Amino acid sequence: MNDPIKPSALHTHMFIDGEPTSGAAGKTFPIFNPATAEEIAHIPDATEADIDHAVRTAKRAFESDTWRRMPPSTREHLLLKLADLVEKHTEELAALETLNQGKLLAFSQMLEVSGSVQWLRYMAGWATKIEGTTLDLSIAFPPGTRYNASTRRVPAGVVAAIVPWNFPLLMAVWKIAPVLACGCTVVLKPAEETPLTAIRLAELAHEAGFPPGVFNVVTGRGETAGATLVKHRLVNKVTFTGSTEVGRMIGRQCADDLKRASLELGGKSPVIVLDDCDPRKAIEGAAGAIFFNHGQVCTAGSRLYVARSIYDEVVQGIAAVADGMALGPGFDATTQMGPMVSSRHRDKVVRMIAQGKLEGGEVLSRDAAVDGAGFFVRPTVIANGLRKPLSVVKEEVFGPVLVAMPYDDLDEVLAEANDSEYGLGASVWTNQLDKALRLADGIEAGTVWVNTHNMVDPAMPFGGFKASGIGREHGKAIVDSYTESKSVCIAY
Ligand code: NAP
Ligand code: MG
């Protein structure tokens with residue numbers, strides 16, 4: 001076991017105006033190691049005054065010449081420096097993430113930290129590539145006057161970024177990297193369960209040379225700190241990743257205030273296995289799609305549709321994979337699945353499995369409940385051979401729970417795949433190009449993978465159809481998300 005982070009070395013403050021702060025009221029709440037249920041630190045519980053301070057600081061930084069007049073190439077350079085610092089602190093950041101979130105240390109290193117470095121470097125490049133257009137206008141008066149017009153993209157202003165606990169560092173970077181590349185300033189609120197890597201990221205940004213106030217982190221509860229941040233009148237744009245339920249509330253508030261909002265929300269992603277797929281490949285692919293990150297993935301492949309001819313073999317095979325998985329702390333190199341993030345979340349997952357059974361689902365894997373202190377749940381496969389209307393088919397579990405159903409023809413499976421309020425991701429497993437394309441065309445989801453699942457890249461747009469959200473992250477589209485278009489019209 002390798003657990004180099006000691007509680008005394010944890011960074012347990014907020015970070016506002018380039019400085020650590022405990023907040024005006026000095027109130028705190030505990031955070032835990034989900035693998036042991038031990039308290040590892042106390043974190044400031046931001047009050048309204050703290051949020052106001054952070055937003056005003058971000059506003060002042062936005063308007064200051066050091067940020068606003070900074071050449072885009074300098075913003076690019078700062079983001080590249082931050083990427084280098086994150087890379088240099090890989091071991092520390094990965095250990096912090098595993099301690100606080102519970103995921104496997106290798107995933108913390110390869111996905112959270114290396115992914116963050118990759119995103120920071122990609123987004124740094126956009127700082128110098130923000131463009132407008134020039135336009136010929138047809139305005140005919142006063143006679144003899146001509147017009148020259150151009151558009152430019154200007155930073156949206158102060159951004160409130162609110163992120164969940166499943167990929168704490170990577171989700172923070174998905175927000176702050178493009179926000180800073182576009183010349184905005186930001187107040188980031190990490191999830192109450194997992195604030196440690198976001199705090200460290202802000203410290204590293206300060207070390208990289210970002211001016212004070214450009215990147216602030218507030219810690220606190222969603223209903224208080226998060227809601228106050230969203231409502232603050234000096235916030236111009238809210239970018240949120242989290243549940244559909246909270247996303248709806250934030251969307252409503254932003255509509256009232258006429259604030260810009262991007263919402264990356266929940267999912268219930270279908271995995272469709274066609275009859276030509278090698279069952280071994282289907283088992284490996286579908287198990288990876290649902291059990292990766294303990295199922296705590298917005299695009300987790302939680303609904304499995306398998307062609308009837310190979311259904312039994314594939315579903316039994318995934319149940320065997322589930323039963324063979326070694327649960328344990330993320331620091332243990334033999335662990336294949338870590339804990340749920342919190343006791344509350346563990347209880348919700350166990351409750352949803354029990355509900356699935358009660359409604360007629362057949363649990364093929366071992367009992368999900370695990371004795372002991374940590375917040376563990378065993379990976380679970382529920383067969384729904386008669387396709388009953390199970391709540392676990394409709395609702396997001398956000399845990400390692402797969403519901404499997406057979407199907408007989410493509411039109412039928414396409415209709416079932418789309419019969420969901422969500423539309424975030426989907427995967428199709430086949431070598432039949434025509435069928436793969438037909439399904440990719442028909443599935444209502446922001447991303448459709450073929451013969452893979454859960455793969456993301458900074459160049460590839462990501463986001464949801466339907467109740468899975470509004471807007472796209474990554475790629476070229478991200479620039480529009482954090483800038484406003486301004487037309488400049490000159491008469492001559
Ligand atoms: P959540 O409960 O919606 O929380 C997400 C964030 O919102 C947390 O920082 C939370 O603070 C904050 N929050 C809660 N209530 C708020 C309010 N009234 N006003 C403002 N902020 C508020 O979601 P979660 O359980 O942490 O995360 C899991 C969800 O995120 C799943 O539904 C998953 O699908 C979704 N997700 C989506 C994507 C995507 O890209 N589409 C990616 C990852 C996860 P507290 O932590 O203090 O509650
Ligand atoms: Mg929460």
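For ligands, and for the atoms within them, numbers begin at 1 and follow the listed sequence. All values derive from a computational prediction rather than experimental measurement.
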Best match, [options]: closest heavy atom to [atom]:
| atom | options | value |
| --- | --- | --- |
| atom 5 (C) of ligand 1 | Thr219, Leu229, Val246, Thr241 | Thr241 |
| atom 11 (O) of ligand 1 | Glu192, Lys189, Glu396 | Lys189 |
| atom 1 (P) of ligand 1 | Pro168, Ser342, Ser269, Ser243 | Ser243 |
| atom 18 (N) of ligand 1 | Glu264, Arg344, Met249 | Met249 |

Tell me if the [atom1] atom of [X] is crowded by more than 12 foreign heavy atoms within 6.0 Å.
| X | atom1 | result |
| --- | --- | --- |
| Leu364 | CG | yes |
| Lys129 | NZ | yes |
| Lys348 | NZ | yes |
| Gln253 | CD | yes |
| Lys27 | NZ | no |

Is a side-chain donor-acceptor pair under 3.5 Å present for [Y] with [X]?
| X | Y | value |
| --- | --- | --- |
| Asn454 | Thr299 | yes |
| Glu97 | Thr197 | yes |
| Tyr482 | Thr239 | yes |

How does [X] reach ligand 1, if at all, at less than 4.0 Å between non-hydrogen atoms: by side chain, backbone, both, or neither?
| X | value |
| --- | --- |
| His345 | neither |
| Leu424 | side chain |
| Glu193 | side chain |
| Glu245 | neither |

#### Entry: salt bridge (Lys or Arg N to Asp or Glu O under 4.0 Å) partners of residues 161-185, not counting sequence neighbours, each pair once
Lys175-Glu473
Are any of the N/O atoms on [X], whether in the backbone or the side chain, positioned under 3.5 angstrom from an N/O atom of ligand 1?
| X | answer |
| --- | --- |
| Val163 | yes |
| Trp165 | yes |
| Trp174 | no |
| Ile250 | no |

Relative to the heavy atoms of [X], which atoms of ligand 1 are at a distance of less than 4.0 Å?
| X | answer |
| --- | --- |
| Phe398 | 28 (C), 31 (C), 33 (C), 34 (O), 44 (C) |
| Arg221 | 47 (O) |
| Pro190 | 9 (O) |
| Ile162 | 6 (C), 7 (O), 9 (O), 12 (C), 20 (C), 21 (N) |

To which protein heavy atom is [atom] closest, and what is the distance rounded to 0.1 Å?
| atom | result |
| --- | --- |
| atom 36 (N) of ligand 1 | Cys298 CB, 3.5 Å |
| atom 35 (C) of ligand 1 | Gly242 O, 3.1 Å |
| atom 20 (C) of ligand 1 | Gly226 C, 3.3 Å |
| atom 41 (N) of ligand 1 | Leu265 O, 2.8 Å |
| atom 27 (O) of ligand 1 | Pro164 CB, 3.3 Å |
| atom 17 (C) of ligand 1 | Gly222 O, 3.3 Å |
| atom 43 (C) of ligand 1 | Asn166 ND2, 3.2 Å |

Could you establish whether [X] and ligand 1 come within less than 4.0 Å of each other, counting only heavy atoms on the residue side?
| X | value |
| --- | --- |
| Phe167 | no |
| Phe462 | yes |
| Ala225 | no |
| Gly220 | yes |

If you look only at distance, which donor and acceptor atoms sit under 3.5 Å apart when one is on a side chain in residues 373-382 and the other is two or more places apart or in another chain?
unit_1, atom_1, unit_2, atom_2, d
Arg378, NH2, Ala322, O, 3.1
Arg378, NH2, Asp323, O, 3.4
Arg378, NH2, Met325, O, 2.9
Thr380, OG1, Arg378, O, 2.9

Salt bridge present between [X] and [Y] (N-O < 4.0 angstrom):
| X | Y | value |
| --- | --- | --- |
| Arg351 | Asp347 | no |
| Arg248 | Glu421 | yes |
| Arg303 | Glu416 | no |

### Within-4.5 Å side-chain heavy-atom neighbours: Lys388 and Glu359
no
### Message
Angle between ring planes, Tyr122 versus Trp126, binned at 30° and 60°: parallel, tilted or perpendicular?
### Response
perpendicular
### Parallel, tilted or perpendicular: ring planes of Phe167 versus Phe292, cut at 30 and 60 degrees
tilted
